[in-house]
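As structure tokens, the structure follows; a few thoughts come after it.
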Amino acid sequence: MTWSNRFRLVGGLLVVVLVCAALTLVMNRRLGQATSTTATIRAEVLDVGSDYAGTVTAAEVAEGDEVAAGDPLFTVSSLTLQHDIALGLVSADTSAYQVAPDGTITLVAPYDAVVTHVAAREGGFVQAGEVVASLEREGSLFVDARLTLDPSDFARVRQGAEVTVVLPNQAEVVGEVASVAVQNTANQAEATVEVTSDALVRGAEHGLVASGTPVTASIELHDDGPLAGVDESFGEFLRKVGL
């Protein structure tokens, strides 16, 4: 065998080894991720209502309005409230409402929020406990991801694990696992994972970052095997080159 052929043989072997190594890392990386069956951006939502039936004398907000903590939302005038105030049965003002001796209760925003729904109008009548508006708390967006896993893979979902969230426009948001809940069904773990991220800012990505937007979530599974460090470095390399 000539030296030229030997070099070709060695070069061919090196190429085969490199390809096999790359395929092994790719396969290991795929096995090290779990992708959601469904995932949706959610937010902390508060339904606002009055403990007393009465007439809405002032409606200060509309759907889409941004409110700060303490901002008035609705004022309701109630004869029952006036009676209870006279008897000393009503507690003092709280972060959710303010009462006046004339029998009016002003519902206020307990925190910075966006008004997502308004069910009452000025001059209308509301029942006790009826929802008059819904508020989406500012900065409370998270991803509610559902996954079907083998029991062994469920044990590899760790709090704080990195999660890649893909929006409908294919833009990616990096977050982390905040909590995990599980329900066993037919030897499969039906996992519900809450994903949080500072990048989940309402209105970002041309409005796609909003409550109700469907997304895809890929969760990094914990791996302490012999290829764990190499796989992590390989994944970081792929991220740097945009793959």
Side-chain angles (χ1 to χ4, degrees), residues 21-46 111-114 116 135-243:
L23 290 175
T24 299
L25 288 173
V26 169
M27 181 61 68
N28 189 63
R29 181 157 185 80
R30 288 183 176 177
L31 293 174
Q33 289 184 331
T35 302
S36 59
T37 53
T38 62
T40 308
I41 298 177
R42 306 285 188 196
E44 181 182 334
V45 176
L46 173 68
Y111 41 64
D112 296 350
V114 176
T116 57
L135 305 180
E136 180 184 296
R137 187 167 192 168
E138 189 68 31
S140 69
L141 290 177
F142 64 94
V143 173
D144 176 25
R146 309 297 173 91
L147 305 92
T148 301
L149 303 168
D150 293 328
S152 58
D153 282 339
F154 172 72
R156 299 169 62 197
V157 179
R158 303 293 177 88
Q159 188 169 347
E162 182 177 301
V163 182
T164 301
V165 178
V166 182
L167 299 170
N169 65 350
Q170 300 307 305
E172 294 185 356
V173 172
V174 177
E176 65 178 36
V177 174
S179 66
V180 183
V182 65
Q183 177 180 344
N184 291 320
T185 305
N187 294 324
Q188 293 284 309
E190 301 286 345
T192 300
V193 179
E194 180 179 322
V195 180
T196 57
S197 172
D198 291 337
L200 289 174
V201 178
R202 185 177 183 273
E205 290 296 332
H206 308 289
L208 288 177
V209 179
S211 182
T213 299
V215 296
T216 301
S218 296
I219 301 172
E220 296 289 335
L221 301 178
H222 179 71
D223 184 9
D224 53 7
L227 292 178
V230 177
D231 179 58
E232 184 176 343
S233 299
F234 182 66
E236 184 64 27
F237 169 75
L238 290 179
R239 282 192 289 272
K240 286 183 178 180
V241 299
L243 298 178

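Just so it is clear, the model here is predicted, and its values are computed rather than measured.
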So which heavy atom on [X] is nearest to which on [Y], and how close?
{"X": "A39", "Y": "S36", "answer": "CB-OG, 3.6 Å"}
{"X": "A34", "Y": "L149", "answer": "CB-CD2, 3.6 Å"}
{"X": "V215", "Y": "P168", "answer": "CG1-CD, 4.5 Å"}

If you measure from [atom1] on [X] to [atom2] on [Y], what distance do you get to the nearest 0.5 Å?
{"X": "R158", "Y": "L221", "atom1": "CZ", "atom2": "CG", "answer": "10.0 Å"}
{"X": "L208", "Y": "Q170", "atom1": "CG", "atom2": "CD", "answer": "10.5 Å"}
{"X": "E220", "Y": "E176", "atom1": "CD", "atom2": "CD", "answer": "13.0 Å"}

Donor-acceptor pairs under 3.5 Å, side chain of residues 192-200 to any protein atom, not counting sequence neighbours: which ones?
{"residue": "S197", "atom": "OG", "partner": "V174", "partner atom": "O", "Å": "2.8"}
{"residue": "S197", "atom": "OG", "partner": "A199", "partner atom": "N", "Å": "3.1"}

For residues 140-148, which side-chain N or O atoms pair as donor and acceptor with protein atoms under 3.5 Å away, sequence neighbours left out?
{"residue": "S140", "atom": "OG", "partner": "E44", "partner atom": "N", "Å": "3.0"}
{"residue": "S140", "atom": "OG", "partner": "R137", "partner atom": "O", "Å": "2.7"}
{"residue": "D144", "atom": "OD1", "partner": "R146", "partner atom": "NE", "Å": "3.2"}
{"residue": "D144", "atom": "OD2", "partner": "R146", "partner atom": "NH2", "Å": "3.0"}
{"residue": "T148", "atom": "OG1", "partner": "E190", "partner atom": "OE1", "Å": "3.2"}

### Task
List for me each residue that meets side chain to side chain contact (heavy atoms under 4.5 Å, CB included) alongside Q159, sequence neighbours excluded, and say none if there are none.
none
